[in-house]
Protein chains: 2
Amino acid sequence: MHIQEELQITKPLEPGHEVALALLLTREYVARLFDQALYEPEDLSDQQFNVLRILKGGGKDGYLVKDIRCRMIYRFADVPRLVNRLEARGLVKRCENPADRRGSRVQITVKGLALEARMHDRHQALSQQVDRCLSVEERTQLLAMLERLRDDYRTQLEALAK
Amino acid sequence: MHIQEELQITKPLEPGHEVALALLLTREYVARLFDQALYEPEDLSDQQFNVLRILKGGGKDGYLVKDIRCRMIYRFADVPRLVNRLEARGLVKRCENPADRRGSRVQITVKGLALEARMHDRHQALSQQVDRCLSVEERTQLLAMLERLRDDYRTQLEALAK
DNA sequence: CTGATTTACATGGTGAAACACCTATTTCCT
DNA sequence: AGGAAATAGGTGTTTCACCATGTAAATCAG
């Protein structure tokens with residue numbers, strides 16, 4: 001369904017604006033599907049699951065909060081409190097970091113690993129269904145275009161910051 | 001910059017997962033740029049601006065709350081309260097709807113129109129910069145692929161709802 | 001025409017997000 | 001080594017989003 005139809009926009013759209021809208025809108029679908037199919041059933045938020053995945057992917061020493069943050073999709077995430085909530089559920093734990101006592105190392109627990117494992121298969125199944133609508137070349141192109149857009153947006157953001 | 005580099009992911013990514021990640025991540029950049037360059041300076045949220053644009057694009061009779069909602073990018077938006085805040089700032093107003101007295105018509109005010117107009121040029125400038133990184137054919141392809149993805153995700157969501 | 005259902009919206013309460021601020025520790029500079 | 005600056009992350013507060021509930025009006029069924 002075209003964006004204009006979906007959002008009931010009658011006026012013609014500026015081309016760049018259409019791309020931006022398409023990205024925002026498509027992301028809503030992705031996020032919503034993963035929410036409903038994956039996160040809500042386990043009473044996790046997407047960000048909480050993201051933390052679990054990051055910890056699972058890391059070494060067994062765990063990560064500092066800052067190391068988690070820079071791996072998050074959303075860069076302004078309130079990681080300390082995300083970790084608090086996961087810790088309250090026994091999915092992660094904090095332990096002292098002798099090397100730098102300003103921060104503690106966050107590690108995923110056995111219970112956390114089990115939860116992640118339980119969700120992993122469905123996560124992959126959801127992801128793979130994307131492949132049905134895109135050929136290999138298309139996917140490569142799509143990724144390349146998104147990457148170019150990100151690089152451009154990043155440049156603009158840095159220009160703004162000055 | 002590649003996703004794996006950006007998020008410091010060492011393991012190889014499932015292709016479908018990479019697409020999903022790319023969408024989520026690229027959207028963050030878009031949202032952040034628009035936030036910083038456009039919305040924050042006017043102390044508006046993206047959703048509030050979205051409402052203003054919708055109302056400006058509509059007829060001068062304004063829209064019912066439900067008509068606004070179905071045009072929002074984020075479909076679960078708390079439109080009544082969004083309108084409340086805009087109304088408190090004098091950017092929109094509600095007036096009675098004789099045809100169906102369950103809801104009121106929300107209209108953009110002169111002040112709201114002025115604000116939207118003030119933001120419009122910068123909005124277009126931001127949007128047009130997207131065009132610098134994509135050729136016309138690429139843009140068309142990108143929009144088509146995103147549309148296919150949305151259609152697929154929508155199908156999956158509907159299947160879930162049953 | 002009357003009662004039941006649906007629709008449209010508002011609102012109340014809860015939990016999380018966003019902002020800044022604060023403290024402890026480390027690093028850098030001289 | 002000693003003090004300034006930077007870094008890490010915890011916390012307080014306000015705002016907002018989200019869920020469920022409530023209410024009024026329209027629609028439908030008989």
Side-chain angles (χ1 to χ4, degrees), chain A residues 24 27-28 31-32 34-36 39-51 54-55 58 61-89 91-107 161, chain B residues 24 27-28 31-32 34-36 39-51 54-55 61-89 92-107 161:
Chain A
L24 296 174
R27 183 268 184 182
E28 290 305 321
R32 216 173 116 197
F34 275 80
D35 261 9
Q36 294 196 4
Y39 306 139
E40 280 179 11
E42 301 292 349
D43 198 32
L44 280 180
S45 69
D46 54 346
Q47 293 205 51
Q48 286 176 340
F49 182 68
N50 201 205
V51 170
I54 288 166
L55 290 177
D61 285 347
Y63 282 126
L64 296 175
V65 166
K66 80 179 166 86
D67 295 328
I68 297 175
R69 184 181 295 117
C70 73
R71 286 173 173 81
M72 298 283 287
I73 296 164
Y74 177 59
R75 302 309 181 77
F76 299 117
D78 192 355
V79 181
R81 269 187 270 240
L82 278 174
V83 170
N84 282 350
R85 288 174 206 125
L86 292 171
E87 195 177 18
R89 288 175 59 177
L91 300 171
V92 307
K93 65 183 176 210
R94 295 178 209 248
C95 51
E96 283 198 359
N97 181 37
D100 184 341
R101 290 165 26 83
R102 285 173 301 183
S104 53
R105 298 209 150 263
V106 182
Q107 296 175 357
Chain B
L24 296 175
R27 183 268 185 184
E28 289 305 322
R32 216 173 116 198
F34 276 81
D35 261 9
Q36 294 195 5
Y39 306 140
E40 281 179 12
E42 300 292 347
D43 198 31
L44 280 179
S45 70
D46 54 347
Q47 294 205 52
Q48 287 176 341
F49 183 67
N50 202 204
V51 171
I54 288 166
L55 290 177
D61 284 348
Y63 282 125
L64 295 175
V65 166
K66 78 177 166 89
D67 297 326
I68 296 175
R69 184 181 296 115
C70 73
R71 288 174 172 81
M72 298 283 288
I73 295 165
Y74 178 59
R75 302 308 178 77
F76 300 117
D78 192 356
V79 181
R81 269 187 269 239
L82 278 174
V83 170
N84 283 350
R85 287 174 205 125
L86 291 172
E87 195 178 16
R89 287 175 60 177
V92 308
K93 64 183 178 211
R94 294 178 209 250
C95 49
E96 283 199 358
N97 180 35
D100 184 340
R101 290 168 23 83
R102 285 173 300 183
S104 52
R105 299 209 149 263
V106 183
Q107 298 176 356

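Protein chains get the first letters and strands the later ones, always in sequence-line order, with residue 1 at the start of each.
Between the side chain of B:Arg71 and the main chain of B:Asp67, a donor-acceptor pair closer than 3.5 Å is present. In terms of modelled atom types and a separation under 3.5 Å, the side chain of B:Gln107 and the main chain of B:Lys93 share no donor-acceptor contact.
Backbone-only engagement by A:Arg85 is indicated by non-hydrogen atom pairs under 4.0 Å involving sugar-phosphate atoms exclusively. Here B:Arg69 lies out of heavy-atom contact (under 4.0 Å) with every strand. When heavy atoms are screened at a 4.0 angstrom cut-off, A:Ser45 is found touching no nucleic acid atom at all.
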Produce the list of close N/O pairs, under 3.5 Å, pairing protein atoms with atoms of nucleotides 23-25 of chain D; give distances to one decimal.
unit_1, atom_1, unit_2, atom_2, d
D:dA25, OP1, B:Arg101, NH2, 3.1

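Computed from coordinates, the B:Arg32 CZ to C:dA18 P distance equals 13 Å when rounded to whole Å. C:dA17 atom C1' lies 15 Å from atom CG of B:Asp78, rounded to whole Å. Rounding to whole angstrom units, CZ of residue B:Phe76 and C1' of D:dA20 are separated by 15 Å. Atom CZ of B:Arg89 and atom C1' of D:dT15 are 14 Å apart (whole Å). Atom NZ in B:Lys66 sits roughly 13 Å away from atom P in D:dA26 (whole-Å rounding).
Note that CZ of B:Arg69 and OH of B:Tyr63 are 15.0 Å apart. Values are rounded to the nearest 0.5 Å. If you take CG on B:Leu44 and CG on B:Leu82, they are separated by 10.5 Å, rounding to the nearest 0.5 Å.
Among the nucleotides D:dG12, C:dC9, D:dG10, the one closest to the side chain of A:Ser104 is D:dG10.
One finds no side-chain N or O of B:Tyr63 lying less than 4.0 angstrom from the OP1 or OP2 phosphate oxygen of C:dC9.
Residues B:Glu42 and B:Phe49 have side chains not in contact (no heavy-atom distance under 4.5 Å, counting atoms from C-beta outward).
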Query raised in the report: Run the side-chain contact (heavy atoms from CB on, under 4.5 Å) check on A:Glu28 and B:Arg75 step by step: do they pass?
Result: CA-CA 9 Å; A:Glu28 290 305 321; B:Arg75 302 308 178 77; over 6 Å; no
